[in-house]
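First the structure, in the form of structure tokens, and then the observations on it.
Predicted, not measured: the structure shown is a model, and the values here were computed from it.
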Amino acid sequence: MSVPTTTDVRTADDVGDGGTLSARARAAALLVGVSVTAAIGLVADELLLLAFAPTYAAAALAAAHDRATGRLPNRLVAATAAFGAVAALAIGGADAGIAWLTGALALSLPLLALHLVSPCAMGFGDVKFAAALGGLVGLLGADIGERIADAMVVLTIVSALAVVGSIAMRRPSIALGPWLFVGAVGFVLVGARDGWSL
């Protein structure tokens, strides 16, 4: 029987679920989430956007967990979605809620179609995580057409990052969660300069 080894990102466990994040990795992911929120708030010049801090923190933790273990925990994906939807509704009311839902559907439906065609090619955790992050992307669009276009841009960015990452790491498959996080958050950070629909 082999003895589990500990690294700075992953610790093996005896349950066989692929491991958990180390304390250092959790702290780094939380710092990334809070930093992203602060950066978006500064770029958009909107202090109200700090309400999304728990959303980005949960998303960063989910992405880090996926990177370390190859799994997106349901609790972190659900927290990302719930925190984002509640913050959007609290700040922008029903219109922001519709924008959030539209973005969630626009970003996740293409991945859901791929998952249904080939579950081995796209995990359902990635579909759920795309929905949670898509809600944030949807808040940038002024109308449904713009939200769908934004989601397609994010999916293009994520696909390119994943392919380049796979080639750079010389792996036939990689975790998509971190690339979804980087692509969606990068798009939101750039798009925040032009204003929000909130």
Side-chain angles (χ1 to χ4, degrees), residues 33-34 36-37 39-41 43-44 46-63 65-66 71-117 119 122-159 161-162 176-198:
V34 171
V36 163
T37 306
I40 290 170
V43 167
E46 278 289 336
L47 290 179
L48 283 176
L49 296 179
L50 294 178
F52 288 99
T55 306
Y56 289 110
L61 279 171
H65 195 282
D66 193 24
R71 292 178 48 241
L72 282 159
N74 284 332
R75 60 184 161 63
L76 291 175
V77 172
T80 301
F83 289 146
V86 167
L89 287 169
I91 294 172
D95 289 341
I98 291 169
W100 189 94
L101 183 60
T102 305
L105 290 171
L107 196 61
S108 64
L109 287 178
L111 298 184
L112 177 61
L114 181 57
H115 172 73
L116 293 175
V117 170
M122 178 66 57
F124 194 60
D126 295 321
V127 175
K128 293 182 284 186
F129 195 45
L133 293 173
L136 299 170
V137 172
L139 295 174
L140 292 170
D143 58 31
I144 191 167
E146 192 173 316
R147 291 177 200 132
I148 292 171
D150 289 349
M152 295 306 108
V153 169
V154 170
L155 285 176
T156 303
I157 292 167
V158 169
S159 300
L161 289 172
L176 188 62
W179 302 115
L180 280 168
F181 177 77
V182 169
V185 168
F187 185 84
V188 169
L189 187 56
V190 170
R193 289 182 307 177
D194 300 327
W196 290 70
S197 64
L198 294 175

From [X] [atom1] over to [Y] [atom2], what is the distance, rounded to the nearest 0.5 angstrom?
X      : Y      : atom1 : atom2 : answer
Leu61  : Arg75  : CG    : CZ    : 8.5 Å
Leu116 : Leu111 : CG    : CG    : 11.0 Å
Leu109 : Leu105 : CG    : CG    : 5.0 Å
Ile144 : Leu101 : CD1   : CG    : 9.5 Å

Specify the closest pair of heavy atoms between [X] and [Y], including all atoms of both residues, with the distance to one decimal.
X      : Y      : value
Arg71  : His65  : O-ND1, 3.1 Å
Gly84  : Trp100 : C-NE1, 3.7 Å
Val137 : Ala184 : CG2-CB, 4.1 Å
Met152 : Ala106 : CE-O, 3.5 Å
Leu107 : Ala151 : CD1-O, 3.5 Å

Answer whether the closest heavy-atom distance between the side chains of [X] and [Y] falls below 4.5 Å.
X      : Y      : result
Phe52  : Leu139 : yes
Leu176 : Leu72  : no
Asp66  : Phe181 : no

Of Val86, Leu133, Leu136, which is the lone residue that meets side chain to side chain contact (heavy atoms under 4.5 Å, CB included) with Thr55?
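Answer after filtering Val86, Leu133, Leu136: Leu136.
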Strictly by side chain to side chain donor-acceptor pair (under 3.5 Å), give each pair with a member in residues 126-140 just once, sequence neighbours left out.
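Those involving residues 126-140 are Asn74-Lys128.
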So, the side chain of Ser108 versus the backbone of Ala131: is there a donor-acceptor pair under 3.5 Å, distance only?
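No; zero donor-acceptor contacts below 3.5 Å.
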Within 6.0 Å of CD1 in Ile157, more than 12 heavy atoms from elsewhere:
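Yes.
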What pairs of residues pass the ring-ring contact (aromatic ring centres under 6.0 Å, His included) test when at least one of them lies in residues 124-144, not counting sequence neighbours?
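Passing the test, one end in residues 124-144: His115-Phe124.
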